[in-house]
Each structure stands twice: as C-alpha cells, then as structure tokens.
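Sharing a structure, written as structure tokens. Questions coming.
Treat the numbers as computed from the prediction; the structure is a model and nothing was measured.
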Amino acid sequence: MSCADDYHDTLRTLGCFGKLAGHDVEIWNDHVQDVDTLAKRLKDTEALVLIRERTQIRAPLLDRLPKLKLISQRSVFPHIDVDACTRRGVIVSSSQHAGAPSYAAAELTWGLVLAAMRRIPQQMEALRAGKWQIGVGNSLRGKTMGIYGYGRIGAVIAGYAKAFGMKMLVWSRETSLARARADGYAAARSKQAFFEECDIVSLHLRLVDSTRGIVTASDLGRMKTTALIVNTSRAPLIALVSALRAGRPGMAAVDVYEDEPLTDISHPLLTMDNVVCTPHIGYVTREEYEIQFAEIFDQITAYASGKPNNVVNPEVLKTLDKRS
C-alpha cells in the first residue's frame with residue numbers, strides 16, 4: 001500500500017500507524033500531480049491512502065494502475081473520479097464522520113479571527129523590525145459574528161463567538177437555519193442583510209457545484225469597510241482579491257487557495273497587509289491526524305479482511321462479486 005502527500009513524514013509517528021502492522025507500506029512526502037510520475041510510483045499499489053484532497057485521482061491515472069483495488073481516505077472526495085474507480089473495480093472508502101466536527105479546523109478559524117482583528121502577525125513583524133506598536137486593533141465583544149454554513153464546524157464556531165460575547169447571525173440552507181434557530185442563534189433576514197450587518201463572516205461550506213462561487217462580488221461589496229471575512233473551507237467558494245482591493249471587506253484571513261501547495265510568494269493575498277494567511281493547516285494537528293487516520297487505516301484492515309466499509313461506490317462490490 002502507498003500513502004501520498006505526507007509532507008512532514010507524520011503518519012509513521014502516529015499511534016494509529018500500528019494498525020497497518022504486517023502491511024508493506026510506502027510513504028511519499030512530496031506533492032506530485034504529474035500522471036507519469038504517479039503512475040510509476042503507484043504501479044504496484046493495491047491500497048492507496050490519500051490525505052484529504054491533496055492528490056487528484058482521475059481516469060488517466062487510474063487507467064495506469066491495474067493493481068489498485070482500494071482508495072482509503074476521510075471526508076468528501078471531489079478530487080476522486082468515483083465513476084472511473086467503479087468502472088475499474090476500485091473501491092473508494094471514505095468515512096464521512098457524521099456528527100464529529102474537526103475541532104482543529106474550528107480552533108484554527110478562531111485563531112485567524114483573533115489574529116486578523118488584533119493584527120497579531122503584523123504587530124509581530126513590526127516588533128521584529130524594531131517598531132513598537134503599529135496601530136490599534138479591534139475587539140470582538142459586542143460585534144456581530146456571521147456564520148455562512150451552519151454545519152458541524154459552523155456550530156462549534158458559534159459556540160466560540162458566544163463565549164466571546166458576540167452577537168450571532170447565520171446564513172445557510174433552510175434545514176441548517178432551522179438547526180441554528182433551535183440552538184438559539186438568529187438567522188439573517190436575507191443573504192444581502194447577512195453581508196451588510198456582519199462585522200465578521202466565516203465560511204463553513206463544502207465545495208460542490210452548487211457552492212462554487214457562492215459568495216459573489218455583490219455579496220462582498222455589501223460588507224463594511226471594517227469587516228473581516230474568514231475562509232478556512234475552500235478557495236473557490238469566493239473571489240476575494242478584487243473585493244479586498246475595492247475595500248469591502250476591509251480584512252481577510254485565509255487558510256485555503258485555488259492551487260495548493262501555494263509557493264508563489266507574489267500571490268496577491270500574500271502581498272496585502274490587510275490579509276492573514278496560513279498554509280491550509282486547519283486540520284493539521286497531531287490530535288486530528290490520530291482521529292482521521294485511525295478511521296482511514298481501519299478501512300484498510302476492513303478491506304484486507306474481506307469486509308470493506310464506508311464504501312462510497314457500493315456498486316463496485318457487485319462488479320467484484322461477479323468477477324469472483
């Protein structure tokens with residue numbers, strides 16, 4: 001079996017790595033998307049472990065991996081051509097961890113809120129340059145926190161905002177708004193009012209066809225010049241750079257980008273003084289890795305025992321039964 005994109009060679013140091021005892025495991029620490037390189041690396045792989053959405057698995061690659069029988073990962077899978085996997089008899093196992101939010105991602109989101117509002121990175125940079133204070137930050141208490149997408153992580157963020165004495169507004173699908181109301185939080189009167197009234201907007205939406213570009217230029221143009229928008233979900237939800245250049249919103253905090261890994265230091269978001277950027281580390285903590293990879297490795301052992309679980313393309317099992 002192979003594990004891709006383990007940037008810091010972390011997997012073999014996890015306690016749950018012991019679940020793979022007896023398996024021949026190869027771990028790759030760099031990021032590669034070139035099909036020729038991946039086909040060469042993975043030509044003998046029967047089970048492939050993916051770390052979230054770092055590597056795209058599409059038909060041109062699958063066509064060159066005849067030994068591949070299982071892809072094991074956690075959460076959503078827009079980076080995997082599931083239909084192509086099914087046609088080639090490849091099982092895709094991915095736990096959706098219902099009811100289990102990523103507290104690591106929620107904590108990082110709140111860290112970005114604090115960092116941006118108090119300009120912590122900018123103050124640190126100035127201090128290292130020999131300057132003492134470079135302006136006045138903003139408090140959270142009494143301000144309006146907006147959560148766009150009231151799911152597992154959005155609900156956790158609402159609790160953090162409440163603890164900080166903030167007012168709350170939620171915008172989401174009607175079913176999610178109903179959950180927010182049941183939890184005691186106010187729903188915005190409209191999408192327009194949501195962006196107009198919030199001092200901080202945090203995005204907590206999955207990236208699917210219906211959410212791509214869901215935050216429009218018009219939405220951002222309604223925000224206050226003093227407002228902050230935070231994106232720890234997915235970059236294609238929003239076109240941010242032009243809005244920041246226009247001054248609405250006045251600040252942003254970002255953990256996700258259109259192309260990752262982002263190594264271009266001239267990227268517009270990295271050059272703006274009113275933006276706090278981190279390199280997609282929302283879920284990158286040792287504790288979160290233990291939770292995620294325990295499930296991913298359990299999927300490997302389930303497959304090895306002849307009882308694959310969390311299968312997102314169950315029709316492939318019928319195909320395999322016919323072949324056997």
ask   = Can you name the closest pair of heavy atoms from Ala187 and Leu177 and give their distance?
value =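 Looking at all heavy atoms of both residues, the shortest contact is CB-CD2, 3.9 Å.
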task = Please report the closest heavy-atom contact between Ile157 and Ala106, naming both atoms and the distance.
result = CD1-O, 3.4 Å
query = Which ILVMFWY residues are connected to Ile134, directly or by a chain of links, through side-chain heavy atoms under 4.5 Å apart?
reply = none
Residue pairs passing the ring-ring contact (aromatic ring centres under 6.0 Å, His included) test where at least one lies in residues 59-102, sequence neighbours excluded = none
key: Distance (rounded to the nearest 0.5 Å) between Ile80 CD1 and Leu62 CG   =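 It comes to 9.0 Å.
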request  = Check the side chains of Asn313 and Thr86 for a donor-acceptor pair under 3.5 angstrom, ignoring hydrogens and angles.
outcome  = yes
Atom pairs and distances, donor-acceptor, side-chain atoms in residues 143-151, under 3.5 Å, two or more places apart:
from: Lys143; atom 1: NZ; to: Ser139; atom 2: O; distance (Å): 3.0
from: Tyr150; atom 1: OH; to: Asp183; atom 2: OD2; distance (Å): 2.6

task = Could you tell me whether the side chain of Ser94 and the main chain of Ser75 form a donor-acceptor pair under 3.5 Å?
result = yes
All side chain to side chain contact (heavy atoms under 4.5 Å, CB included) counterparts of Glu125, not counting sequence neighbours = none
task = Please confirm whether the backbone N or O of Leu269 pairs with a side-chain atom of His267, one donor and one acceptor, at under 3.5 Å?
result = yes
Enclosure of Asp24 CG (heavy-atom neighbours >12, cutoff 6.0 Å) =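 Count not over threshold, so no.
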Atom pair OH/OG of Tyr283 and Ser102 - distance to nearest 0.5 Å =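 Separation between the atoms: 10.0 Å.
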key: Value rounded to 0.5 Å, distance of CD in Glu107 from CD1 in Ile153   =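 So the gap between those two atoms works out to 11.0 Å.
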request  = Can you see which heavy atom on Pro78 is nearest to which on Arg58, and at what distance?
outcome  =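 Between these two residues, the closest heavy atoms are O-NH2, 2.9 Å.
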key: CA sep, side-chain torsions, deciding dist, call: Arg12, Asp6, salt bridge (charged side-chain N to carboxylate O under 4.0 Å, His left out)   = CA-CA 10 Å; Arg12 67 181 81 246; Asp6 183 15; 5.9 Å; no
Return all side-chain donor-acceptor pairs below 3.5 angstrom for residues 230-244, not counting sequence neighbours, or 'none' if the list is empty.
from: Asn231; atom 1: OD1; to: Ser233; atom 2: N; distance (Å): 3.0
from: Asn231; atom 1: OD1; to: Arg234; atom 2: N; distance (Å): 3.4
from: Asn231; atom 1: ND2; to: Arg234; atom 2: O; distance (Å): 3.0
from: Thr232; atom 1: OG1; to: Thr109; atom 2: OG1; distance (Å): 2.9
from: Ser233; atom 1: OG; to: Leu203; atom 2: O; distance (Å): 2.7
from: Ser233; atom 1: OG; to: Leu205; atom 2: N; distance (Å): 3.3
from: Arg234; atom 1: NE; to: Glu53; atom 2: OE1; distance (Å): 3.1
from: Arg234; atom 1: NE; to: Glu53; atom 2: OE2; distance (Å): 3.4
from: Arg234; atom 1: NH2; to: Glu53; atom 2: OE2; distance (Å): 2.6

Which atom pairs, one a donor and one an acceptor, fall under 3.5 Å between side chains of residues 272-281 and the rest of the protein, sequence neighbours left out?
from: Asp273; atom 1: OD2; to: Arg119; atom 2: NH2; distance (Å): 2.5
from: Asn274; atom 1: ND2; to: Gly250; atom 2: O; distance (Å): 2.9
from: Thr278; atom 1: OG1; to: Asp255; atom 2: OD1; distance (Å): 2.7
from: His280; atom 1: ND1; to: Glu260; atom 2: OE1; distance (Å): 2.6
from: His280; atom 1: ND1; to: Glu260; atom 2: OE2; distance (Å): 3.2

ask   = For Lys224 and Glu197, what are the C-alpha separation, side-chain angles and deciding distance, and is it a salt bridge (charged side-chain N to carboxylate O under 4.0 Å, His left out)?
value = CA-CA 8 Å; Lys224 302 173 185 178; Glu197 295 172 17; over 6 Å; no
ask   = Under a 4.5 Å cut-off applied to non-hydrogen side-chain atoms, are Asn29 and Ile27 in contact?
value =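 Yes. Closest side-chain heavy atoms under 4.5 Å.
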key: Inter-residue atom distance Met117.CE - Leu140.CG, 0.5 Å rounding   =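 One finds 5.5 Å between CE of Met117 and CG of Leu140.
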message = Strictly distance-based, threshold 3.5 Å: is any side-chain N or O of Thr211 a donor or acceptor partner for the main-chain N or O of Arg206?
response =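 A pair under 3.5 Å: yes.
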task = Step by step, work out the salt bridge (charged side-chain N to carboxylate O under 4.0 Å, His left out) result for Lys167 and Asp199.
result = CA-CA 10 Å; Lys167 303 171 187 175; Asp199 296 295; over 6 Å; no
Minimal non-hydrogen separation, Ala158 against Met168, with atom names = CB-CE, 3.8 Å
ask   = What is the distance from atom CG of Asp81 to atom CZ of Arg87, rounded to the nearest 0.5 Å?
value =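 Going from CG on Asp81 over to CZ on Arg87, the span is 6.0 Å.
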key: side chain to side chain contact (heavy atoms under 4.5 Å, CB included) partners for Ser305, two or more places apart   = Lys307
task = Give a yes or no on whether Arg118 atom CZ has more than 12 heavy-atom contacts from other residues, nucleotides or ligands under 6.0 Å away.
result =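 No, CZ of Arg118 has 12 or fewer neighbouring heavy atoms, counting only those of other groups under 6.0 Å.
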message = Please confirm whether the ring centroid of Phe164 lies under 6.0 Å from the ring centroid of Trp110.
response =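 That pair passes the under 6.0 Å test.
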query = Mind checking whether Met1 and Ile300 have side chains closer than 4.5 Å, heavy atoms only?
reply =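 Heavy-atom side-chain distance check passes, below 4.5 Å.
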Set of residues satisfying side-chain hydrogen bond (donor to acceptor under 3.5 Å, both in side chains) with respect to Thr285, sequence neighbours excluded = none
ask   = Do you know which two heavy atoms are closest between Ala253 and Ala116, and how far apart they sit?
value =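 Closest heavy-atom pair between Ala253 and Ala116: CB-CB, 4.3 Å.
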request  = Count the heavy atoms belonging to other residues, nucleotides or ligands that lie under 6.0 Å from OH of Tyr103, then report whether that count exceeds 12.
outcome  =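 Counting neighbours around OH of Tyr103, 12 or fewer heavy atoms of other residues, nucleotides or ligands fall under 6.0 Å, so no.
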request  = Enumerate the residue pairs fulfilling salt bridge (charged side-chain N to carboxylate O under 4.0 Å, His left out) with a member in residues 286-297, sequence neighbours excluded, ordered by first and then second residue.
outcome  =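 Listed once each, the pairs are Arg74-Glu295.
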key: Under 3.5 Å donor-acceptor, Gln299 side chain and Gln73 backbone   =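 Flag set: sc Gln299 to bb Gln73 pair under 3.5 Å.
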ask   = Around Arg173, counting heavy atoms of other residues, nucleotides and ligands shown, do more than 12 lie under 6.0 Å from its CZ?
value = no
note = On a heavy-atom basis, the closest approach of Arg64 and Ala39 is NE-CB, 3.7 Å
key: Partner residues of His31 under the side-chain hydrogen bond (donor to acceptor under 3.5 Å, both in side chains) criterion, sequence neighbours left out   =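 Expected list: Asp5.
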inquiry  = Using a 6.0 Å cut-off, check whether atom CG of Asp259 has over 12 heavy atoms from anything other than its own residue.
reply    = no
Just list the side-chain donor-acceptor pairs under 3.5 Å for residues 216-223, sequence neighbours left out, or say none.
from: Thr216; atom 1: OG1; to: Ser218; atom 2: N; distance (Å): 3.4
from: Thr216; atom 1: OG1; to: Asp219; atom 2: N; distance (Å): 3.1
from: Thr216; atom 1: OG1; to: Asp219; atom 2: OD2; distance (Å): 3.1
from: Asp219; atom 1: OD2; to: Lys191; atom 2: NZ; distance (Å): 2.8
from: Asp219; atom 1: OD2; to: Thr216; atom 2: N; distance (Å): 3.0
from: Arg222; atom 1: NH1; to: Glu196; atom 2: OE2; distance (Å): 2.9

inquiry  = I'd like to check Leu169 versus Tyr185 (side-chain heavy atoms, cut-off strictly below 4.5 Å). Are they in contact?
reply    = no
ask   = Could you give the distance from CZ (Arg248) to CZ (Phe195), rounded to the nearest 0.5 Å?
value = 14.0 Å
key: Salt bridge Glu26-Arg41, side-chain N to carboxylate O under 4.0 Å   =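 A salt bridge is absent here (no side-chain N lies under 4.0 Å from a carboxylate O).
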key: Members sharing Trp132's hydrophobic cluster (side chains within less than 4.5 Å)   = Leu127
Under 3.5 Å donor-acceptor, Thr45 side chain and Leu48 backbone =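 Such a contact is absent between Thr45 side chain and Leu48 backbone.
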